[in-house]
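Whatever order the structure lists them in is the order used to number ligands and atoms, beginning at 1.
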Amino acid sequence: MATPSFPATYGIKYVGSKLKLIPNILELIRPLGVKKVLDGFSGTTRVSQALAGSGYEVVCNDRAEWSRVFATTFLLNERPPSHFQPLIDELNALPGKDGWFTQNYGGDGSKRGEKKPWQYHNTRKLDAVREKIDEYRLPETEKCVLLTALILALDEVESTLGHFSSYLNDWAPRSYQTMRIKLPNLTPNKGNHEVWQKDIFDLLPNVEVDLAYFDPPYGSNNEKMPPSRVRYAGYYHLWTTVVLNDRPELFGKVGRRKDSSDAESYSPFEDFRTDAAGKFIALNAIQHMLEQTRAPYVLLSYASGGRATARELAECIDVVGRLVKLVKIDYKKNVMAEMKWTNEWVCQQQPYQEYLFLLEK
Ligand SMILES: C[S@@+](CC[C@H](N)C(=O)[O-])C[C@H]1O[C@@H](n2cnc3c(N)ncnc32)[C@H](O)[C@@H]1O
């Protein structure tokens, strides 16, 4: 049987990216006949891009600054590629220059023990390009297109494990290449989409949709990384800084922006502690979120990380609505298996599996 086609999307390397789940998400949503869909934790915005490309009206939200920039590029831009190409050509032709990014994030391996996310030739490019983008004084949507293209180019030559909370001992082979900014395939916006950069709890009272897709930060697919350690603001601090170009105060070995510290960028979804009643704070947050959602359908992504978490999740889903479908996705076999919501499953020790819960409220 031929695999159904789905829209191409763009995104950076991102812990928890649902790139591989896009066909499954679209397949689950299609029979419901919904029109307006919320992507409440959009991250790379790949799911939002795929939804928009499949004809849905998308409300895209994430509290990350750079995610808003991506969403603006892919959902709100009305200019054709030809409008941007001369600017991209000019940016690529700029000679590199030593600036703030080079000073803080560039290296050549000459200093013992020094680990940096990019080699000098690329941070010098970054310094020149980022300054120029501000000089253009473009309307916000157009600026977002150039910033998105810059971030995608930088992502191709970084020397990390896929996030900026540690850098590699030895330069990744890709980091020797010189970054080249390419225009992503822009389909000028024809939909009635919305882009928000809000905490989900501030957004929900003001949004009514046919289906809400939630992919909160539960954990990671990377088996070497315990879920409790995934902190998105800390992991991707550098994309925020590339967008803001605000030369923030930095801390720690990897040079994180101060406002990405756990204290300043707290999200209850990333909290793996329990409250006084012994319930996981993250799961309380999920329950409150589901309660506050104004949509007849909710599709919830869950990357299982442990037995107790799954049991708690079962309880909060029962409180809020009716489980219509539960599917487990096996990427390797390319299958989506429907599951029964039983204690047997809850008790299984299967770390880092991807599940999708379809609920009716
Ligand atoms: C698992 S990732 C989403 C990945 C996304 N579905 C994709 O395919 O790229 C979780 C996202 O939740 C965002 N986030 C964390 N706490 C949030 C909150 N309280 N409100 C809104 N977004 C939040 C993070 O910035 C992160 O991008």
Any N245 side-chain heavy atom under 4.5 Å of W100 side chain: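 A side-chain contact under 4.5 Å is absent here.
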Short N/O distance, under 3.5 Å, between [X] and ligand 1?
X    : result
R46  : no
T45  : no
Y14  : yes
I200 : yes

By number and element, which atoms of ligand 1 are closer than 4.0 Å to a non-hydrogen atom of [X]?
X    : result
K18  : 6 (N), 7 (C), 8 (O)
S17  : 7 (C), 8 (O), 9 (O)
T44  : 7 (C), 8 (O), 9 (O)
G43  : 9 (O), 27 (O)
K198 : 20 (N), 21 (C)
D215 : 1 (C), 2 (S), 3 (C), 4 (C), 5 (C), 6 (N), 10 (C)
S267 : 15 (C), 16 (N), 17 (C), 19 (N)

Heavy-atom pair with the smallest gap, counting every atom of Y232 and E270: N-OE2, 3.1 Å
Heavy-atom closest contact (I12 atom, T44 atom, distance): O-CG2, 3.7 Å
Qualifying residue, where the test is side chain to side chain contact (heavy atoms under 4.5 Å, CB included) with L38 and the options are V298, L203, L299: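 Filter result, single survivor: L203.
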Option passing side-chain hydrogen bond (donor to acceptor under 3.5 Å, both in side chains) with E158 (candidates K13, Q119, H163):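 That would be K13; it is the only one of K13, Q119, H163 passing the side-chain hydrogen bond (donor to acceptor under 3.5 Å, both in side chains) with E158.
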Nearest neighbour of atom 1 (C) of ligand 1 from the list W66, Y232, F70, on a heavy-atom basis: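 Among W66, Y232, F70, the closest heavy atom to atom 1 (C) of ligand 1 comes from Y232.
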Greater than 12 external heavy atoms within 6.0 Å of K97's NZ: no
Greater than 12 external heavy atoms within 6.0 Å of R294's CZ: yes
Whether T45 side chain and S48 backbone form a donor-acceptor pair below 3.5 Å: no
Close approach, S42 and ligand 1, non-hydrogen under 4.0 angstrom: yes
With F164, the ring pair (Phe, Tyr, Trp, His ring centres under 6.0 Å) member among Y14, Y235, W118, W66: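 With F164 as partner, Y14, Y235, W118, W66 yield a single ring pair (Phe, Tyr, Trp, His ring centres under 6.0 Å), made by W118.
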